[in-house]
Visitor: 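Encoded as structure tokens, here's the structure I'll be asking about.
None of these values were measured; they are calculated from a predicted model. Ligands are counted one by one from 1 in listed order, and the atoms in each one are counted from 1 as well.
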Amino acid sequence: MSVDILVKGGVLPDGTRADIAITGDRIAAVEPGITAEAGEVIDATAKLVSVPFVDPHFHLDSTLSYGLPRINASGTLLEGIRLWGELKPMLTVEAVVERALKYCRIAAGKGLLAIRSHVDVCDDRLVGVEALLEVRETVKPWLDLQLVAFPQDGWFRDPSAVHNVVRALDMGVDVIGGIPHFERTMAEGAASVRAICELAAERGLMVDLHCDESDDPMSRHIETLAAETVRCGLQGRVAGSHLTSMHSMDNYYVAKLLPLIAEAQVAAIPNPLINITLQGRMDSYPKRRGMTRVPELLAAGVRVGFGQDCVMDPWYALGTGDMLDVAHMGLHVAQMTSPDAMRQCYELVTTGPAAIMGLSDYGLRPGALASLVVLDAADPIEAIRRRPERLAVISKGRVVARTRPAETNLSLPRA
Ligand SMILES: [Zn+2]
């Protein structure tokens with residue numbers, strides 16, 4: 001047998017040692033001691049060889065725009081939304097394409113090979129939609145980009161939002177978004193959830209809402225989302241992003257809510273870096289963390305994926321494109337510190353979000369797409385601890401990035 005690429009001696013995330021043979025864009029074999037001749041051999045001896053990272057919640061239309069047209073002085077969610085409203089009329093397709101492509105290249109270098117990006121449709125020019133559809137095509141050979149039509153200014157609150165969501169879907173956007181907690185009233189929020197789920201059922205599409213991104217324990221749109229998912233037969237195709245209000249809800253109510261979410265197979269997408277910085281802003285002390293109840297959702301059987309949400313945009317001045325930063329923060333905020341829970345945090349930036357996005361060819365198994373990452377770490381826990389170099393990134397059968405580990409030479413007396 002001869003293969004194109006042979007990754008030798010690696011350790012898979014579950015701890016088993018195996019070589020991985022790649023032919024064309026597919027994995028041909030995953031087993032110990034493969035002796036096939038290979039066009040290229042990658043020595044991964046004792047290194048973690050992992051499925052690629054997946055970001056289920058991002059905003060590619062605003063990324064890398066930090067400081068345009070000004071900086072978010074308060075650092076709050078609402079000033080971020082206002083600031084984005086100032087920047088939107090100034091956007092051009094060329095500038096959005098350039099920034100988004102720059103970010104996708106950074107992501108690939110970190111082994112992040114699939115991204116679900118919301119794209120704001122509350123701009124009659126649909127500049128973001130046009131730009132990101134172009135970017136989706138450009139990066140297709142090496143990065144899977146899924147787009148969500150996101151009415152940032154409200155499904156009902158913005159007069160042209162509904163029309164523009166439909167236009168965006170007709171242009172080829174994949175998923176329907178929404179923001180029920182931002183509508184004028186709770187009732188209009190619930191009505192928007194109903195309308196969005198009906199549209200998704202009619203078009204056979206997935207749904208991913210910015211849902212209850214608030215510290216208000218009475219923000220309960222996730223309950224409506226679960227019920228509408230069942231009513232419209234959308235089980236397994238719907239996600240609630242953020243769900244931060246659940247952090248502040250009454251325990252008795254959450255005990256009823258979690259089984260409803262599980263029954264509807266609605267996925268949860270917390271965004272740890274953003275939730276810990278944007279939530280709890282009106283608290284004095286103690287300050288709430290604001291991230292949703294991750295261990296409890298997992299224990300209830302709900303599919304969970306950690307998202308990154310923002311990198312250098314009106315809402316967040318930081319961010320690196322490294323999903324291990326996201327896992328690291330998520331682990332801390334959710335206090336998922338047992339060995340099993342730490343390994344689970346690695347899954348929340350790989351297999352968890354891949355399942356939410358419906359990436360059916362994803363995985364380290366024969367027949368799957370040949371996309372993987374070799375990390376300079378022994379296992380997933382060390383990877384989260386050190387967030388080390390991605391020694392090699394392979395996407396769809398092609399090596400797309402290599403990084404040499406940094407080397408520190410100490411000039412210190414021996415201890
Ligand atoms: Zn978002």
Visitor: Below 4.5 Å, heavy atoms only, C-beta onward: do Leu225 and Ile196 meet side chain to side chain?
Guide: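 Side-chain contact under 4.5 Å: no.
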Visitor: Is His59 close enough to the Zn ion (ligand 1) that one of its N, O or S atoms comes in under 2.8 Å?
Guide: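 It does: His59 brings an N, O or S atom closer than 2.8 Å to the Zn ion (ligand 1).
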Visitor: Looking only at N, O or S atoms, which one in His210 sits nearest to the Zn ion (ligand 1)?
Guide: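 Answer by atom name: NE2.
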Visitor: Determine whether the aromatic ring centres of residues Phe182 and Phe156 are separated by less than 6.0 angstrom.
Guide: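 No: the rings miss the under 6.0 Å criterion.
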Visitor: Compute the ring centroids of Phe58 and Tyr103, then answer whether they are less than 6.0 Å apart.
Guide: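 Aromatic pair counts; centres sit under 6.0 Å.
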Visitor: For N/O/S atoms only: which one belongs to Asp309 and is nearest the Zn ion (ligand 1)?
Guide: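 That would be atom OD1.
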Visitor: Ring centres under 6.0 Å, that's the criterion: do His57 and His118 meet it?
Guide: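 Yes; His118 has its ring centre under 6.0 Å from that of His57.
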Visitor: Just wondering, is there an N, O or S atom on Cys310 that's nearer than 2.8 Å to the Zn ion (ligand 1)?
Guide: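 No, outside the cut-off.
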